[in-house]
Amino acid sequence: MAEVTILIDGKPTIVSAGSSLFEALGSDKRFLAAKVNGQLRDLALAVQAGDDVVGIDLVSPDGLAILRHSTAHVMAQAVQEIYPEAILGIGPPITDGFYYDFGNVAPFTPESLELIEKKMREIINAQQKFIRRVVTEKQAQVELKKEPFKLELVSIKGAPTDDIMEVGGSELTIYDNVDRNGKTIWCDLCRGPHIAHTGMIKAFKLMKTSAAYWRGNEKNPSVQRIYGTAWPTKEELNDYLHRLAEAEKRDHRKLGVELDLFSFPEEIGSGLAVFHPKGGIIRRAMEDYSRSRHESAGYEFVYTPHITKSNLFETSGHLQWYADGMYPPMRVDEERNEDGSIKRAGADYYLKPMNCPFHNLIYRSRGRSYRELPLRLFEFGSVYRYEKSGVIHGLTRVRGMTQDDAHIYCTRDQMPGELKSLLNFVLSLLRDYGLDDFYLELSTRNPEKSIGSDSDWQEATAALQAAAEASGLKLVPDPGGAAFYGPKFSVQAKDAIGRTWQMSTIQVDFQLPQRFELEYQADDGSRQQPIMIHRALFGSVERFIGVLTEHYAGAFPPWLAPTQVVCIPVADTFNDYLDLISSKLCSLGVRVEVDKSDERMQKKIRKAQQQKIPFMLIAGEVDQASNAVSFRYRDGTQVNGVAIDEAIRIILDAIKNRSQV
RNA sequence: GCCGCCUUAGCUCAGGGGUAGAGCAACGCACUCGUAAUGCGUAGGUCCCGGGUUCAAUUCCCGGAGGCGGCUCCA
């Protein structure tokens, strides 16, 4: 038999001509696909001389994606068996799972998901093979005549469609699902690759349903989407479900209720939060620390109103660009005659969606000298944005929020240095709040949604890029993601369970200085336009509290914790002893309570634990006799017999150092 | 804004065409206790709001508000 040489994992290997990839890879069941000359292929494909082959393991990212994509196919097959009228959209793998879109079908319900899961299990048990078949465009059109979405995909083939799994590469392929008797049960247009047969799906679950727009466009018809997940083993599926449950436990909306931090009273309106006393303490501690850091970094504090006449936002351009995102105006001072005609024209006042126009007015309230630059104006500024009802989410997406907003006015020469030191400032402050895993995203110009000269954009983008690179952090490009007036980078932070949150944004702006005709007098006596840098560090205070709540799972470090110390007497005869310690702590500024309720001490511990209070100080006869207390921490560890002075020092140190306990 | 689901005591949730229940929390009494729930008792409801059907609606229907999961959007 003829033999050919191929590369396996880069090593020349001799295999018999016509071998499948599966055979070439030693019939190793760990592999479910292979990368051939850089392209993912089915294992059933025959090797060609000179092929560069790498086996794709089930546990690799590519392997998981293939498994999930194949599971999506099985789901689509199940859906069409139950709802024959359903037409197929697309079904790609996504992070931790997959989805598939269907047209011409009523919304799925939890009951229909159960039916579909059951049908999927039948298909999996039948071990149907995925067989790849190359078709011409004509053939595909004939075979898919009942699948209008697929026909649309066939017709756009050739356009760069790398992100669509159904078509791509140089040829059109259909995958047939074939049963043990060789009969084709179902087929789907797909570029593949797939697992060899459905029996390789060991663990899957349908997760949720949603409506979506065909090809993600609001103008297109709506499709019904089912999300699912699939894993190599049942254990991994269970681990994944467990991770989801853990994430749910740290949901700040849930913790906000349990810890009595904040709420969203229906009476006020959607997306508008109130902070309760305990949430208020966290907020004040955060803000106070931020203020003191800003003060030492050379910022000046300003205050501006929440509403303004429309002309300010006409000057800034917001009314032209973002009127949809603003609350509608209030018309004031209008007077009408008896016939309803206008006697005196009123003025439209708007709630402010941004602080920058106000800061610009402060800048130009008098002449400015180059000696004043960089001028750094800081404000905890409340802004209101009319977010669509469907996007509002706890504290992370609201209609009313407080930005820790600053605008830095500087010369062109100062800009690169200012950006660099700004980024360091931002990162150092975020670290103090307990976030320490970052990367940066650089959002550059969207030509269709922006104004300004190319050279300005290029200069600003280069300065941002240089500052970002100097930080040594990973920089991810976000082409076209910039706001209309200038490029920005944003600091993305990873939380305790690895989720990323967009935190600070740093944005360069040539436009507003021009629109507001901002000037300074340079050292040669000429009048120059300053550059403006916008930056919010928390993004919004509300959102930052939401993120920190989830990051810490409600167990805030002592400096932020609403109650820092709770004193628990073993019996109420020790109340007075703990009162003494508590009043000492209190006089040192510690937020401390003595639990004098009628409960047993175990119950008090449980209560303090549920409130996630950092320090429990327990005292009974043994402690009192030696002028000591016993510590219990949130993780259950205890340190007994700590002398009172030492205990106070431990608590004060943790607060002062902003350390976690 | 779009699609689906949901809304019953402070919280978590059961129930169901004949005006309602549990656990926890709250309050009271007893218990005085060494590291995550002592016992007993009391009180607590416009069953989200408005309209309709019905002898009767918290329950069924329509509309609205709010929430949840997605989609879309995110200066």
Check whether any side-chain nitrogen or oxygen of A/Lys388 sits under 4.0 Å from OP1 or OP2 of B/G70, and answer yes or no. no
Does A/Gln224 reach a base, just sugar-phosphate, or nothing at all? Heavy atoms under 4.0 Å. sugar-phosphate
Mind checking A/Gly216 for me? I need base, sugar-phosphate or nothing, with any heavy atom below 4.0 Å counting as a touch. sugar-phosphate
Would A/Arg225 and A/Tyr227 count as having a side-chain donor-acceptor pair, cut-off 3.5 Å? yes
Between A/Asp478 and A/Ser443: side-chain donor-acceptor atoms closer than 3.5 Å: yes
For A/His318 and B/C74, what is the distance between atoms NE2 and P respectively, to the nearest whole Å? 14 Å
Closer to the 5' end of RNA chain B via nearest nucleotide, is it A/Phe108 or A/Ile605? A/Phe108
Rounded to whole Å, CG of A/Asp572 lies from P of B/G34 at a distance of 13 Å
Want to know the stems of RNA chain B: at least 3 consecutive Watson-Crick or G-U pairs with distances under 3.5 Å, which are they? B:1-7 with B:65-71, B:10-13 with B:21-24, B:26-30 with B:38-42, B:48-52 with B:60-64
Whole angstrom value for the distance that separates P of B/C68 from NZ of A/Lys254: 13 Å
Atom-pair distance (CD1 on A/Ile568; P on B/A37), nearest Å: 12 Å
Give a yes-or-no answer on whether the side chains of A/Lys278 and A/Thr563 include a donor-acceptor pair shorter than 3.5 Å. no
Touch class at under 4.0 angstrom, heavy-atom based, for A/Tyr99 against every strand present: nothing
d(CD1, A/Ile268; C1', B/C48) in whole Å: 17 Å
Rounding to a whole Å, what distance do you find between A/Glu258:CD and B/A36:P? 19 Å
Under 4.0 Å between any heavy atoms, over every strand shown, what does A/Asp598 touch: base, sugar-phosphate, or nothing? Just pick one. base
Counting only side-chain N and O atoms of A/Arg253, is one of them less than 4.0 Å from OP1 or OP2 of B/C68? yes
Base, sugar-phosphate alone, or nothing: which one does A/His393 contact when heavy atoms must sit under 4.0 Å apart? sugar-phosphate
Are the charged groups of A/Glu152 and A/Arg215 less than 4.0 angstrom apart, N to O? yes
Just how far, in rounded Å, is C1' of B/G50 from CD of A/Glu266? 14 Å
Looking only at the side chains, is there a donor atom on one of A/Ser582 and A/Glu593 sitting less than 3.5 Å from an acceptor on the other? no
Hey, does the side chain of A/Arg385 come within less than 4.0 Å of B/C73's phosphate (OP1/OP2), counting only N and O? no
Does a donor on one side chain sit under 3.5 Å from an acceptor on the other, for A/Gln458 and A/Asp456? no
For A/Phe484, ring-ring contact (aromatic ring centres under 6.0 Å, His included) partners two or more places apart: A/Trp321, A/Tyr322
RNA chain B: A/Val257 or A/Phe631, which has the more 5' nearest nucleotide? A/Val257
